[in-house]
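Below is one structure; the comments refer to it alone.
Numbers here are sequence positions counted from 1. The basis for the numbers below is simple: all heavy atoms, side chains too, and nothing from hydrogens, waters or symmetry mates.
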Amino acid sequence: MIKSRILTDRNEIEKVMPACIDLAVESGAVLPFNYMHFPFLWWDHFNNIDNTLFSEKRGENFLGVQSSLRTFFLIIAEDNGKIVGAAPLGEFSVKVAGCINHLRVLSFAGDHQLMPYQDFLVLPSAREDILVSMFDNLLEMLKDHYDFLVFSCIPDNSLNLKFIQKIVSRATRQGVIGQEKITSQRGGVLPWTIKPLVFYSKKLLAKSHKNSSSLSDLTDLIKKLESKTLSLFFPATRKSLKTEMINILNRIDDEPSFLNEKYEIKKLLSPSPIVYYYVVLPSDHETYFMSLSRKTRQDFRRYKKRFEKQGGYFEKISSKKISNKDINDYISLHLLRWEKGSASIKSSHSIKFHTELCKTLSAHGDLTLFFANYDGKRIAANSCIDIFPRREAYIAGRDPNYVKLRIGSLLMMENILDAIDNGFRTYELGGGWGSDKMIFTKKYRTSRSYLLTYRSDLPNVNSIFPGYMYMGKDSD
């Protein structure tokens, strides 16, 4: 009989971690989140048992006005003493605007930027029974101790989803208030929408040969969005820019050639699903190249030829050969590219997390680093988490002084071609918008998120998720 239990003691958790990793291997799990060292490192570096705030260590807050990560849990399911299911969990204390008391939130132990996909690890042969046992335990915890259960970013190709949907549906008939949503990003003029808004606005301008006042206004708005002095801290600023963009779009004619750009801009101004681009890898380079546009193929071949003719070359370092210098170079190039705009590395704690993560992944044979060398130095880096047959592009960086070489795209292509050579079947480019990602593929998937509570007197869900991730209704 399958039974589940919650572990909180560090020594107990460390004792069962090898069995959980064995389960991941046996189950054919390919998500880094399912290999327990990943979320465990996240807890070690970002927990707030020292009475700090989550934002102080992670460099960003994801829940409420403030939050602190208080406890690490591991829920395991066992069948006759064998571990057949597991999920790492974190307890947050969350301050929400308008509430006197902090809310207690239990979620997966990870954030969507460092672990884009999260999911329950279960033995496939008893999937439904394992999930039922684990959820029964979690719902009891919710009833007795917590205000919310949150399970975010479960990939839409997860074989667990249909059973989770069934369990949640049953729970809602028994008093649970449950919400399932395609994991979405908040819309508007926001830090994460600026780049795509400018991208599609410029495409709209490039298609027009008219000197209309609307297009002139759009040019002025683009200048505002690209300004280094732009601050989106105040809601009034964000609202004003959004209104200005909508008014300009409404004045632009609905010519057929404009429709796609107008649609994409309007979509960015409203909540929209977070998309995760991926490549289904063929068995050879030429088949993949032929899946790209003619212009893309020509551009890659031209830029690579020029790069190599000028003495540039690519460097691949497998797990066993990764050194401390390689890790430091890779992190430095990421920070050189993004500076304070990095979503992944925003604090000294983040740097320590990534350094230890690289060492842990390489010790397990799951990390490959790629570098581009030019002018006698490394000018670009990509890290890939390799859990066969899936390769995930994780963190990238480059020296902005070499942007004309198109080195970021060249190095990404090198990753993909190497994945083909080594028999990988999928190459994941991560979550979120990116015109650079759409060069390589048009395929993408989404993920699902669940919000469960027994309380009907809690604040609007938008006050719990006030940032990038959007869990409200589409009409909110």
Completion exercise
Taken to the nearest 0.5 Å, the spacing of Ile76 CD1 from Leu121 CG works out to 11.5 Å

Problem - Lys195 bridged to Asp436 by N-O distance under 4.0 Å - result: no

Practice task
Could you tell me the separation between the OG1 atom of Thr446 and the CG atom of Asn157, rounded to the nearest 0.5 Å?
Solution key: 9.5 Å

Exercise for the section: Kindly say whether Val96 contributes a backbone atom to a donor-acceptor pair with the side chain of Ser463 at under 3.5 angstrom? Expected result: no

Exercise for the section: Specify whether Trp43 and Phe72 have parallel, tilted or perpendicular ring planes, treating 30° as the upper limit for parallel and 60° as the lower limit for perpendicular. Expected result: tilted

Handout entry: Basic-acidic side-chain contact under 4.0 Å: Arg391, Asp418
Key = yes

Handout entry: Distance-minimising heavy-atom pair for Arg70 and Asn48
Key = NH1-O, 2.7 Å

Problem - Residue pair Glu128 / Lys166, side-chain heavy-atom distance below 4.5 Å - result: yes

Problem - Side-chain heavy-atom pair Glu392, Tyr117 within 4.5 angstrom cut-off - result: no

Practice task
Taking the six-membered ring for Trp and the full ring for Phe, Tyr or His, determine whether the centres of Phe353 and Phe46 are under 6.0 Å apart.
Solution key: yes

Exercise for the section: Please check if atom CZ in Arg425 has more than 12 non-hydrogen atoms from other residues, nucleotides or ligands closer than 6.0 Å. Expected result: no

Exercise for the section: Please report the C-alpha distance between Arg58 and His349 in whole Å, then the side-chain angles of each, then the deciding distance to 0.1 Å, and finally whether the side chain to side chain contact (heavy atoms under 4.5 Å, CB included) criterion is met. Expected result: CA-CA 7 Å; Arg58 178 64 179 84; His349 291 275; over 6 Å; no

Problem - Over 12 non-hydrogen atoms of neighbours within 6.0 angstrom of NZ in Lys95 - result: no

Exercise for the section: Report, as yes or no, whether the 6.0 Å neighbourhood of atom NZ on Lys316 holds more than 12 heavy atoms from other residues, nucleotides or ligands. Expected result: yes

Exercise for the section: For Val461 and Leu451, work out which heavy atoms get closest and say how close. Expected result: CG2-CD2, 3.1 Å

Exercise for the section: Kindly say whether Met471 contributes a backbone atom to a donor-acceptor pair with the side chain of Gln179 at under 3.5 angstrom? Expected result: yes

Exercise for the section: Could you tell me whether a side-chain N or O of Lys57 sits under 3.5 Å from a main-chain N or O of Asn47, the two making a donor and an acceptor? Expected result: yes

Problem - Beyond-backbone contact of Leu142 with Leu106, side-chain heavy atoms, under 4.5 angstrom - result: no

Exercise for the section: Check whether the ring centres of Tyr450 and Phe135 lie less than 6.0 Å apart, and answer yes or no. Expected result: no

Problem - Donor-acceptor under 3.5 Å (Ser383 side chain, Ile395 main chain) - result: yes

Exercise for the section: Before accepting this row, confirm whether a basic side-chain N of the pair Arg10/Asp44 lies closer than 4.0 Å to the acidic partner's carboxylate O. Expected result: yes

Practice task
Answer yes or no: is there a side-chain heavy-atom contact under 4.5 Å between Tyr444 and Lys437?
Solution key: no

Practice task
Would you check if there is a donor-acceptor pair between the side chains of Asn160 and Arg127 at a distance under 3.5 Å?
Solution key: yes

Practice task
For residues Phe120 and Met134, determine if any side-chain heavy atom of one lies less than 4.5 Å from a side-chain heavy atom of the other.
Solution key: yes

Problem - Centroid-centroid under 6.0 Å between Tyr330 and His354 rings - result: no

Practice task
With Phe307 as reference, evaluate Phe300, Tyr402, Phe314 under the ring-ring contact (aromatic ring centres under 6.0 Å, His included) test and give the passing residue.
Solution key: Phe314

Practice task
Determine yes or no for a side-chain-to-main-chain donor-acceptor pair under 3.5 angstrom, with Thr441 supplying the side chain and Tyr278 the backbone.
Solution key: yes

Practice task
Over all heavy atoms of both residues, which pair between Ala77 and Ile130 is shortest? Give the atoms and the distance, please.
Solution key: CB-CG2, 3.8 Å

Problem - For Leu63 against Pro466, the heavy-atom pair lying closest together - result: C-CD, 4.4 Å

Practice task
Indicate whether the side chain of Ser347 and that of Ser350 have a donor and an acceptor atom separated by less than 3.5 Å.
Solution key: yes

Practice task
Verify the ring-centre separation between Phe465 and Phe62: is it less than 6.0 angstrom?
Solution key: no

Handout entry: Distance, nearest 0.5 Å, that separates OG1 of Thr368 from CG of Asn382
Key = 11.5 Å

Exercise for the section: Kindly say whether Glu78 contributes a backbone atom to a donor-acceptor pair with the side chain of Lys82 at under 3.5 angstrom? Expected result: no

Handout entry: Gap between atom CD1 of Ile167 and atom CG of Leu131 - 0.5 Å precision
Key = 5.0 Å

Problem - side chain to side chain contact (heavy atoms under 4.5 Å, CB included) evaluation trace for Asp299 with Ile439 - result: CA-CA 11 Å; Asp299 286 348; Ile439 294 171; over 6 Å; no

Exercise for the section: Classify the side-chain pair Ser332/Asp329 by whether it contains a donor and acceptor separated by less than 3.5 Å. Expected result: no

Practice task
Return the orientation label for the Trp42 and Phe54 ring planes: parallel under 30°, perpendicular over 60°, tilted otherwise.
Solution key: tilted

Which pairs of donor and acceptor atoms, one on a side chain in residues 146-154, lie under 3.5 Å apart (sequence neighbours left out)?
{"unit_1": "Tyr146", "atom_1": "OH", "unit_2": "Glu91", "atom_2": "OE1", "d": "2.9"}
{"unit_1": "Asp147", "atom_1": "OD1", "unit_2": "Arg455", "atom_2": "NH1", "d": "2.4"}
{"unit_1": "Asp147", "atom_1": "OD2", "unit_2": "Arg104", "atom_2": "N", "d": "2.7"}

Handout entry: Heavy-atom check, side chain of Leu405 versus side chain of Arg398, under 4.5 Å
Key = no

Exercise for the section: Report yes if some heavy atom in the side chain of Leu114 is under 4.5 Å from a heavy atom in the side chain of Leu357; otherwise report no. Expected result: no

Practice task
For Phe388, look at atom CZ and say whether over 12 heavy atoms of other residues, nucleotides or ligands are found less than 6.0 Å away.
Solution key: yes

Exercise for the section: For Ser447 and Tyr276, test the side chains for any donor-to-acceptor distance below 3.5 angstrom and give the result as yes or no. Expected result: yes

Completion exercise
d(Glu26 CD, Asp22 CG) to nearest 0.5 Å is 8.5 Å

Practice task
Using atom types as modelled and distance alone, determine if a side-chain donor or acceptor of Asn422 lies under 3.5 Å from a backbone N or O of Phe424.
Solution key: no

Handout entry: Backbone of Val30 reached by a side-chain donor or acceptor of Asn34 within 3.5 Å
Key = no

Completion exercise
When every non-hydrogen atom of Ala109 is compared with those of Pro39, the smallest separation belongs to O-CB, 3.1 Å

Handout entry: Shortest non-hydrogen separation from Thr193 to Arg186 and the atoms involved
Key = CG2-O, 4.3 Å

Handout entry: Residue pair Met413 / Tyr288, side-chain heavy-atom distance below 4.5 Å
Key = yes

Practice task
Before accepting this row, confirm whether a basic side-chain N of the pair Arg378/Asp326 lies closer than 4.0 Å to the acidic partner's carboxylate O.
Solution key: yes

Exercise for the section: Using a strict 4.0 Å threshold on nitrogen-to-oxygen distance, state whether Lys359 and Glu356 make a salt bridge. Expected result: no

Exercise for the section: Under the side chain to side chain contact (heavy atoms under 4.5 Å, CB included) rule, what do Ile345 and His334 come out as? Steps first, then yes or no, please. Expected result: CA-CA 9 Å; Ile345 303 179; His334 176 78; 3.6 Å; yes

Problem - Worked check of side chain to side chain contact (heavy atoms under 4.5 Å, CB included) between Ile407 and Tyr374 - result: CA-CA 10 Å; Ile407 196 60; Tyr374 190 81; over 6 Å; no

Completion exercise
In this structure, OG of Ser344 is separated from CD1 of Ile351 (nearest 0.5 Å) by 12.0 Å

